[in-house]
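Both counts, for ligands and for their atoms, begin at 1 and track the order of listing.
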Amino acid sequence: MIFEGLAEKLQNTLGKLKSKGKLSEKDVKDAMREVKLALLEADVNFKVVKQFVDKVKERAVGQEVMESLTPGQHVIKIVNEELTSLMGDVQSKINFSSKPPTVIMLVGLQGAGKTTTAGKLGNYLKKQGKKPLLVACDVYRPAAIKQLKVVGGQLDIPVFEMGDKVSPVEIAKQGLAHGVDSGRDVVIIDTAGRLHIDEQLMDELVNIKSELRPHEILLVIDSMTGQDAVNVAESFNEALGIDGVILTKLDGDTRGGAALSVKAVTQKPVKFVGMGEKLNELEPFYPDRMASRILG
Ligand code: GDP
């Protein structure tokens, strides 16, 4: 089950409200205290939690809810709507350029799942009838280029590479030119990651951005790292400007904090989620479906 601990606690708390006939203001407040604790335990950013709980409380102690015949259901509906809103309301899609190729730049820290996600995204787009090209710009992580080539081979997607002795900016430029020449309509740039955010990494990414003017800069973050992932997203967004987030490893034992906080903190939506190591395990992110999965 996704976000098991959080889902269980929310369902328990809200289930208790459902079994009551009438609700008092105290019932709602007590339940919201439990909701707050559950969200904090799930590693959701505390400011986000406070705003969320205040909003639900404000709506839930209203006359309409208190006087309704099924007030518990009503409160659950409000929680569902506010959770959905927290995650961005509607699905955020990729912006395709009206003049192909669409350039998608993938950025992120080492180990977040960037190279795997480059392959997954290529595979997803290929299934939609696109002709992607993968460009290997991660010249620092040993074996990253080889890894991308293996992934491309498995998916039958071409990979452009120039080894690890050429600067990433140059590889990106030549990769794009190659994509244009060979009639590819999406060029996915797998940039380098580092273990930590540093100036050199950001400078390099800013350079690639200004050379290539990508249509999408997507940040790959590891959902297992919770609020750290959200801090990473904030830093990348400030230094580089991102268009959206791909949240990996949602299939693991993750508590939910990153998925629930990142949009509210950065104002940038989650566009896709990684649901496993396999190259077909990437899904578009639907805030409403995620809220319903959490609330059962
Ligand atoms: P990079 O350093 O960011 O390029 O990271 P990699 O693409 O090499 O991925 C690091 C590890 O995370 C690899 O073992 C991947 O198989 C794994 N990984 C990536 N995405 C997912 C995911 O959505 N779920 C799971 N369970 N593992 C993932």
Side-chain angles (χ1 to χ4, degrees), residues 1-4 87 104-125 127 132-155 157 159-161 163-164 168 171-172 175 187-198 200-202 204-205 208 216-226 228-233 235-236 240 242 244-260 262 269-286 289-290 293:
M1 189 165 78
I2 203 140
F3 308 152
E4 196 159 3
M87 292 184 279
I104 302 174
M105 188 174 158
L106 290 184
V107 300
L109 293 184
Q110 238 174 53
K114 195 165 34 55
T115 302
T116 311
T117 303
K120 285 178 173 179
L121 188 61
N123 187 31
Y124 174 86
L125 295 172
K127 282 188 187 154
L133 170 71
L134 300 171
V135 179
C137 292
D138 189 350
V139 298
Y140 305 113
R141 181 162 68 82
I145 296 175
K146 187 158 172 249
Q147 186 188 342
L148 195 67
K149 281 178 78 173
V150 169
V151 164
Q154 284 168 358
L155 298 169
I157 295 174
V159 176
F160 180 89
E161 56 113 349
D164 58 7
I171 301 172
V187 174
I188 300 172
I189 313 281
D190 182 24
T191 63
R194 297 270 208 287
L195 288 175
H196 303 284
I197 292 170
D198 61 40
Q200 203 190 345
L201 167 70
M202 284 303 172
E204 185 177 298
L205 297 176
I208 297 180
E216 286 271 344
I217 300 181
L218 298 177
L219 171 70
V220 178
I221 51 176
D222 177 348
S223 64
M224 301 290 286
T225 60
D228 276 348
V230 178
N231 295 336
V232 167
S235 302
F236 270 82
L240 184 68
I242 60 172
V245 168
I246 299 182
L247 207 51
T248 64
K249 309 182 197 180
L250 225 64
D251 53 304
D253 187 18
T254 173
R255 287 180 288 166
L260 288 166
V262 76
V270 177
K271 295 203 174 188
F272 291 94
V273 288
M275 298 298 295
E277 290 190 89
K278 292 202 209 80
L279 295 171
N280 60 356
E281 291 176 311
L282 182 79
E283 297 175 8
F285 182 69
Y286 299 96
R289 290 187 204 168
M290 184 57 79
R293 275 168 87 170

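Looking at residues two or more places apart in sequence or on another chain, you find a side chain to side chain donor-acceptor pair (under 3.5 Å) between Asp222 and Lys249. Considering only residues two or more places apart in sequence or on other chains, Phe160 meets the ring pair (Phe, Tyr, Trp, His ring centres under 6.0 Å) condition with His178. The ring pair (Phe, Tyr, Trp, His ring centres under 6.0 Å) check on Phe285 picks up nothing, with sequence neighbours excluded.
Between the side chain of Lys114 and the backbone N or O of Asp190, no donor-acceptor pair lies under 3.5 Å.
The only option from Val107, Leu106, Ile208, Leu205 that meets the side-chain contact (heavy atoms from CB on, under 4.5 Å) definition with Ile217 turns out to be Val107. Between Ile188 and the options Leu125, Leu148, Thr117, a side-chain contact (heavy atoms from CB on, under 4.5 Å) holds for only Leu125.
Protein residues with a heavy atom closer than 4.0 Å to ligand 1 are Leu109, Gln110, Gly111, Ala112, Gly113, Lys114, Thr115, Thr116, Lys120, Arg141, Gln147, Thr248, Lys249, Asp251, Gly274, Met275, Gly276, Glu277, listed by chain and number.
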